[in-house]
Number of protein chains: 2
Amino acid sequence: MNIQFKKGVLELCVLSMLFKKDCYGYELVNEISKNILISEGTIYPLLKRLKDEGYFTTYLEESQEGPPRKYYKLTDLGASTKVELEKEWFSFVEGVNKIVKEANERE
Amino acid sequence: MNIQFKKGVLELCVLSMLFKKDCYGYELVNEISKNILISEGTIYPLLKRLKDEGYFTTYLEESQEGPPRKYYKLTDLGASTKVELEKEWFSFVEGVNKIVKEANERE
DNA sequence: ATTTAGTACCTTGCATTCTAAGGTAGCTTG
DNA sequence: CAAGCTACCTTAGAATGCAAGGTACTAAAT
């Protein structure tokens with residue numbers, strides 16, 4: 001998997017996951033990795049940054065399967081940022097696809 | 001435009017453009033910028049790197065409108081890399097879209 | 001009882017790559 | 001001859017993903 005593709009997109013992925021439901025960090029790594037391989041060293045600093053920027057709040061909950069889980073809950077700011085980022089993402093993909101497809105139409 | 005989205009994708013864009021026809025650097029900036037805003041400071045180091053890696057050869061041609069242009073011509077390695085990168089790109093987009101779309105299917 | 005494996009949190013230093021800002025130089029037009 | 005466009009390039013800075021490391025809890029296996 002191309003590492004560079006991921007830059008900036010993981011933020012959208014995290015916001016999207018949390019838009020669906022509250023998640024804890026370890027869960028995010030596993031769920032997102034089903035579609036895009038990522039590591040813990042990527043997620044935790046990102047979660048910290050996004051929390052500092054006010055995109056979500058956190059709360060702890062105990063688990064029967066290990067140490068307590070820190071859940072992340074999207075704020076209104078987080079939700080509206082998700083919508084913005086999503087738009088930007090689709091428009092970006094469209095731009096790239098246009099270049100790629102035009103190139104393949106050579107005679 | 002989200003800077004981070006671009007990481008790694010410009011390589012695909014450049015290879016795609018050159019797959020269509022030989023181009024010079026300044027031309028690549030302008031053509032790609034029609035779909036994705038990029039600056040010269042991005043392209044020239046990238047072209048140098050990709051040339052060093054054997055993705056294309058170069059030749060000079062004089063111009064009536066300014067200084068001579070350095071044209072980039074895709075090698076076989078460059079062309080096959082373009083095909084690989086293109087596949088990775090589509091699969092990556094699919095992965096991200098899956099996450100985004102599933103998140104929007106919450107009740 | 002101790003080890004192993006899985007869950008779950010986190011930090012640090014490194015690598016990559018895009019950008020802004022700057023520099024050089026040719027050609028054309030006023 | 002100055003301005004503006006074309007065309008090349010470099011440098012220092014910012015952003016972010018990763019590997020590798022650490023801590024600690026629980027449960028199962030030895």
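This structure is a prediction, so every number in the text was calculated from the model and none was measured. Letters A, B, ... mirror the listed sequences (proteins, then strands); counts begin at 1.
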Closest non-hydrogen contact found for B/Ile99 with A/Ile32 is CD1-CG2, 4.0 Å

Would you say B/Lys48 reaches D/dT10's phosphate, i.e. side-chain N/O to OP1/OP2 under 4.0 Å? yes

Where do A/Phe56 and A/Asp22 land on the side chain to side chain contact (heavy atoms under 4.5 Å, CB included) test, with the steps shown first? CA-CA 10 Å; A/Phe56 29 75; A/Asp22 297 0; over 6 Å; no

To the nearest angstrom, the CD1-P distance between A/Ile36 and D/dT16 comes to 16 Å

To check you understand the geometry: which heavy-atom pair defines the closest contact between A/Lys21 and A/Glu27, and what is its length? NZ-OE2, 2.7 Å

Going through the checks in order, is the side-chain hydrogen bond (donor to acceptor under 3.5 Å, both in side chains) test met by A/Ser16 and A/Lys82? CA-CA 7 Å; A/Ser16 279; A/Lys82 177 247 173 199; 5.1 Å; no

Would you say the side-chain atoms of A/Thr42 pair up with the backbone N or O of A/Ile38, donor to acceptor, closer than 3.5 Å? no

For nucleotides 17-21 of chain C, tabulate all protein N/O to nucleotide N/O atom pairs closer than 3.5 Å, reporting atom names and distance.
residue: C/dT17; atom: OP2; partner: B/Arg49; partner atom: NH1; Å: 3.2
residue: C/dT17; atom: O2; partner: B/Lys7; partner atom: NZ; Å: 3.3
residue: C/dC18; atom: OP1; partner: B/Lys6; partner atom: O; Å: 3.4
residue: C/dC18; atom: OP1; partner: B/Gly8; partner atom: N; Å: 2.8
residue: C/dT19; atom: OP1; partner: B/Lys6; partner atom: NZ; Å: 2.5
residue: C/dT19; atom: OP2; partner: B/Thr42; partner atom: OG1; Å: 2.1

I need the CZ-P distance between A/Arg69 and C/dG6, as an integer number of Å. 16 Å

How close or far is atom P of C/dA8 from atom CG of A/Leu47, stated in whole angstroms? 14 Å

Taking CG from A/Asp52 and P from D/dT16, how many angstroms apart are they, rounded to a whole number? 13 Å

What verdict does the side-chain hydrogen bond (donor to acceptor under 3.5 Å, both in side chains) test give for B/Lys51 and B/Thr58, after you've listed the backbone C-alpha separation in whole Å, the side-chain angles of each residue and the deciding distance to 0.1 Å? CA-CA 8 Å; B/Lys51 192 196 171 188; B/Thr58 58; 3.2 Å; yes

Any donor-acceptor N/O pair, A/Lys6 side chain to B/Lys7 backbone, under 3.5 Å: no

Parallel, tilted or perpendicular for B/Trp89 and A/Phe5, by the 30°/60° rule? perpendicular

Rounded distance in Å - CD (B/Glu61) to C1' (C/dG26): 16 Å

Would you say A/Glu94 and B/Asn35 are linked by a side-chain donor-acceptor pair, where the criterion is simply a distance under 3.5 Å? no

Neighbours of DNA chain D within residues 23-33 of chain B, by heavy-atom distance under 4.0 Å: B/Tyr24, B/Gly25, B/Tyr26

In whole Å, what is the span from the CZ atom of B/Phe5 to the P atom of D/dT16? 11 Å

Any side-chain N or O of B/Ser63 less than 4.0 Å from the OP1 or OP2 oxygen of D/dA7? yes

By nearest atom, which of the nucleotides D/dA7, D/dT10, C/dT7 is closest to the A/Pro67 side chain? C/dT7

B/Glu62 CD to D/dT6 P, straight-line distance once rounded to whole Å: 19 Å

